[in-house]
2 protein chains.
Amino acid sequence: MSTSHIPNTKSPSLPEHVIKALSIDNLIFGLDEDELKILLVRQTDPMHQGKWALPGGWIRYDENLRDAAYRLLEELTGIRDVYLEQLKTFGRVDRFPNERVVTVAYYALVSADNFSLVAGQTAEEVNWQSVNKLPELVYDHAEIIAHGLTVLRHQVCHQPIGFNLLPEKFTLLQLQALYEAILNIKLDKPNFRRKIMKMNLLSPCNEKQQGVPHRAANLYTFDAAAYEQLSQSGFSFEI
Amino acid sequence: MSTSHIPNTKSPSLPEHVIKALSIDNLIFGLDEDELKILLVRQTDPMHQGKWALPGGWIRYDENLRDAAYRLLEELTGIRDVYLEQLKTFGRVDRFPNERVVTVAYYALVSADNFSLVAGQTAEEVNWQSVNKLPELVYDHAEIIAHGLTVLRHQVCHQPIGFNLLPEKFTLLQLQALYEAILNIKLDKPNFRRKIMKMNLLSPCNEKQQGVPHRAANLYTFDAAAYEQLSQSGFSFEI
DNA sequence: TATCTTGTTGTCAAAAAGACAATAAGACTG
DNA sequence: CAGTCTTATTGTCTTTTTGACAACAAGATA
């Protein structure tokens, strides 16, 4: 939660078209030169006293949860076109001051340098901060981030979220290098290629990479539709 | 959601001490004689027109989410002492009639015959129903159950949670029947035996089952200590 | 042309998974 | 007690997957 509105019927600052007591918070993890970072905002709201927060806010009455997450993320940080997945809902009675506010957390894993940050709305500052040295955070956001990290580190092996860290079109070696970096292991190139290709999740672009001082590799895109279809018929991604 | 209260400020039937627009629903999966079932309730509320629902209801202002889930489960079904894990939050704009209601779903996997069901509060009937032939359900509860099944079936393949449903000492065929029921598939007896035994997670009791009208099978126990040790050295459970 | 780098395909043996036959141990029947 | 029924357990064979690594291809560069 990161708006300055208090979900209180006595507060005139709360727009009538949002759901009181229910908010969204986004955890955007970004890999930036081998360091895992998370996107944080600082509020104009003086009640936060300079603390940092996850980019989030209120859900509108006529808005699906994920739509609200996308809207808030773009409004506050300028980031769009990332795939947000629901993480967990946090609702400890005393997590928010004075009022009872439950928040639905969404998360994404992206390549930090692919996005230009534009602080908007109630956010006066936005930037990437290393998950290893986080600043002081509002409410229970530190707890939410800790949980998000646990889930992220587990999920990266069982779901193709690593693809989000690559450009739209990528080579098989880029994909392999990514998993080698995340999992901190060495993989066999031919065998990795075979394993990935047999999943039928990559579509060849029929293009080659440009400007490399050696034979250019074929470019592929991740076929999200194929993944949806396969995972619904029992397929499970494993690296 | 399964109470008769409509979260509408115009409705005098909504107690003031609950959070409007936010509810809990519990998915209690139970294994009953090798069949996977789910606990459903039927409401006294005539607006449901005899449809079945997940046991759930409103969250109180001064109540943590999981506490609300435990309270509602006991109030409506008499079940207590199960471990509830948060599944997901469902908030589609039109999932609930007339009003916007977001629901937080919790789930558990239990042995169905360990519990006696007592319909209470707004529930006029409670029972276990096979997940393979569900009755007509209120709101988006069919969707919630479908998601819960997906998560359950994924979890059960990657973590040895299924062992909790068996008695302390069990036969390999009991274990196999359990996985066949949850995954809704048929497994080959010799191959299943080999796969399980190679994990070194079962300790033979050097006892045989009693009172069966055929050759008695050997009994085994799940070696939790061995599992801890193996999983810390990189082993990952897979069925 | 030679050679360097990376891409891509091929090969082969070991391991695992899957299908199914065969045998074993009891209990029950006539 | 022989025969038969049911499930337990072991064995065997084939197919698939994995892992290690050789071989060749395509450009770029010297």
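Computed from a prediction, not measured in an experiment: that's the story for all the values here. Per chain, numbering begins at 1; letters A, B, ... match sequence-line order.
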R193(B) side-chain N/O to dT9(D) phosphate OP1/OP2 under 4.0 Å: yes
Whole-Å distance separating the CD atom of Q174(B) from the C1' atom of dT7(D): 13 Å
Interatomic spacing from CD in E143(A) to NZ in K88(A) - rounded to 0.5 Å: 8.0 Å
Heavy atoms of other groups near E180(A) CD, more than 12 under 6.0 Å: yes
K189(B) side chain near dT7(D) phosphate (N/O to OP1/OP2, under 4.0 Å): no
Spacing of L173(A) atom CG relative to dT5(C) atom C1', expressed in whole Å: 12 Å
E238(B) atom CD, neighbour heavy-atom count above 12 within 6.0 Å: yes
Atom pair distance, as rounded to whole Å: CD in Q210(A) and P in dA26(D): 17 Å
N/O donor-acceptor pair, side chain N191(A) with base dA20(D), under 3.5 angstrom: yes
Q229(A) CD: over 12 foreign heavy atoms closer than 6.0 Å: no
Side chain of R194(B) (C-beta onward), nearest among dG19(D), dG18(C), dG26(C): dG18(C)
Touch class at under 4.0 angstrom, heavy-atom based, for L172(B) against every strand present: nothing
Spacing of M197(B) atom CE relative to dG11(D) atom P, expressed in whole Å: 14 Å
Distance, rounded to the nearest Å, where R215(B) contributes CZ and dC5(D) contributes P: 19 Å
Whole angstrom value for the distance that separates C1' of dA17(C) from CD1 of I185(B): 13 Å
Phosphate OP1/OP2 of dT9(D): any N218(B) side-chain N/O under 4.0 Å: yes
Which residue lies more 5' along DNA chain D, comparing P190(A) with P213(B) via nearest heavy atoms: P213(B)
Minimum-distance nucleotide to K198(B) side chain [options: dT9(D), dA16(C), dG7(C)]: dA16(C)
Gap between atoms CD and C1', on E238(B) and dT17(D) respectively (whole Å): 14 Å
Atom CD of E207(B): over 12 foreign heavy atoms under 6.0 Å: yes
Euclidean distance, atom NE2 of residue H214(A) to atom P of dA26(D) [Å, nearest integer]: 16 Å
